[in-house]
There are 2 protein chains.
Amino acid sequence: MEISNAELDVMQVIWRDHPASSAEIVARLDNKRWHEKTVKTFLSRLVKKGALTFEKEGRSYLYSPAISQQDYQLKESRSIISRLFNGRVSPLVAGFAKQSKLSKDDIEDLKQIIQDWEKNND
Amino acid sequence: MEISNAELDVMQVIWRDHPASSAEIVARLDNKRWHEKTVKTFLSRLVKKGALTFEKEGRSYLYSPAISQQDYQLKESRSIISRLFNGRVSPLVAGFAKQSKLSKDDIEDLKQIIQDWEKNND
DNA sequence: TTCTAAAGATTACGCCTGTAATCAAATTTG
DNA sequence: CAAATTTGATTACAGGCGTAATCTTTAGAA
């Protein structure tokens, strides 16, 4: 199931809090400059693609994600890392490092990840 | 400049070695099951997009990348990390760790990256 | 020299995407 | 109750993408 760029923005606000009505979703997407009709189109398409489910509430729908954000993040990151870096994650991190896109917090997180990995794998 | 999935496969073989004629490129893409005409379409589109340049050699063209693979990798990884993880790279690595997609080599690479970072930033 | 094959240019075509407008039904408002 | 509004469904439409086929020109083969 492929989620397009614009559709992903819709998914994000639904992941944050759901179920959500279309009115609510439109409201949360206020920063994007989409017409309400546009957002509704995305909702329909996402339902059709199986990325969202809905339940009826009166005359309108309450939408919920059909895939978790975690699962989606993982699927996408694996896909790009296999396409761009032959499946290895470290070259990506190295690229970030070279461009000074790593913060102190990132470094701390990475250390923790390494420590956890070593506890389980040594 | 957006490079599509199929186009990226074409770019990859050109990045590996260039300049390259269309015949050569078609040959290198043998594993994909694309018709020669299809590959030529991708070449034209990539030139039009500014991702490839070419020089004439007799009746045919020799193609070369107009963007480096490094630059492209970086641009794409930044884009996905900002879209999926709010710009932080460590959650991506954490996801890989949780799915046991980190190898001993990855861990060694990460340690080295951290060490280099600390040398420059402390 | 005439025919053919090969290269790039142009055209094709259905599906996806971004961006809505229109339609039909139901509900709220006056 | 009649009118206006709101909801989802359907339709629209241009540009990108995957996947070639056809056209045009030219170089090599017979």
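Chain identifiers are assigned alphabetically (A, B, ...) following the order of the sequence lines, protein sequences preceding nucleic acid strands; residue numbering begins at 1 within each chain. Remember, it's a predicted structure, so these values are computed and weren't measured experimentally.
- Note: CD (Glu57(A)) to P (dT27(C)) measures 13 Å, nearest angstrom.
- A sub-4.0 Å separation between OP1 or OP2 of dT6(D) and a side-chain N or O of Ser60(A) is absent.
- If you measure from atom NZ of Lys56(B) to atom C1' of dT26(D), you get 12 Å, rounded to the nearest angstrom.
- Between Arg28(A) and Asp17(A) there is a salt bridge, since at least one side-chain N of the basic residue sits less than 4.0 Å from a carboxylate O of the acidic one.
- The distance from atom CE of Met1(B) to atom C1' of dG16(D) is 16 Å, rounded to the nearest whole Å.
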Problem set entry | Letter per nucleotide, 5' to 3', of nucleotides 18-25 of chain D [B base touched, S only sugar-phosphate touched, - untouched; heavy atoms, 4.0 Å] | BBBBB---
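- Aromatic ring pairs are classed by plane angle as parallel below 30°, tilted from 30° to 60° and perpendicular above 60°; the pair Trp15(B) and Tyr72(B) is tilted.
- Phe54(B) places its CZ atom 9 Å from the P atom of dG8(C), with the value rounded to the nearest Å.
- As a whole-Å value, the separation of Tyr61(A) OH from dT27(C) C1' is 16 Å.
- Note: CD (Glu2(B)) to P (dG15(D)) measures 17 Å, nearest angstrom.
- Between Leu46(A) atom CG and dT17(C) atom C1' the separation is 12 Å, expressed in whole Å.
- At least one side-chain heavy atom of Val47(A) sits under 4.5 Å from a side-chain heavy atom of Tyr63(A).
- Taking side-chain N and O atoms only, Lys48(B) has no distance below 4.0 Å to OP1 or OP2 of dT10(C).
- Here Tyr63(B) does not reach the OP1 or OP2 of dA7(C): none of its side-chain N or O atoms lies under 4.0 Å away.
- Here Lys49(A) lies in heavy-atom contact (under 4.0 Å) with sugar-phosphate atoms only.
- Between Trp117(A) and Lys104(B) the shortest side-chain heavy-atom distance falls below 4.5 Å.
- You'll find the side chain of Ile81(B) reaches within 4.5 Å of the side chain of Phe96(A), heavy atoms only.
- At a threshold of 4.0 Å, the pair Glu76(A)-Arg83(B) does not count as salt-bridged, since none of the basic side-chain nitrogens sits closer than that to a carboxylate oxygen.
- One finds a salt bridge joining Arg88(A) and Asp109(B) here, because a Lys/Arg side-chain nitrogen approaches an Asp/Glu carboxylate oxygen to under 4.0 Å.
- As a whole-Å value, the separation of Ile25(B) CD1 from dA7(C) C1' is 13 Å.
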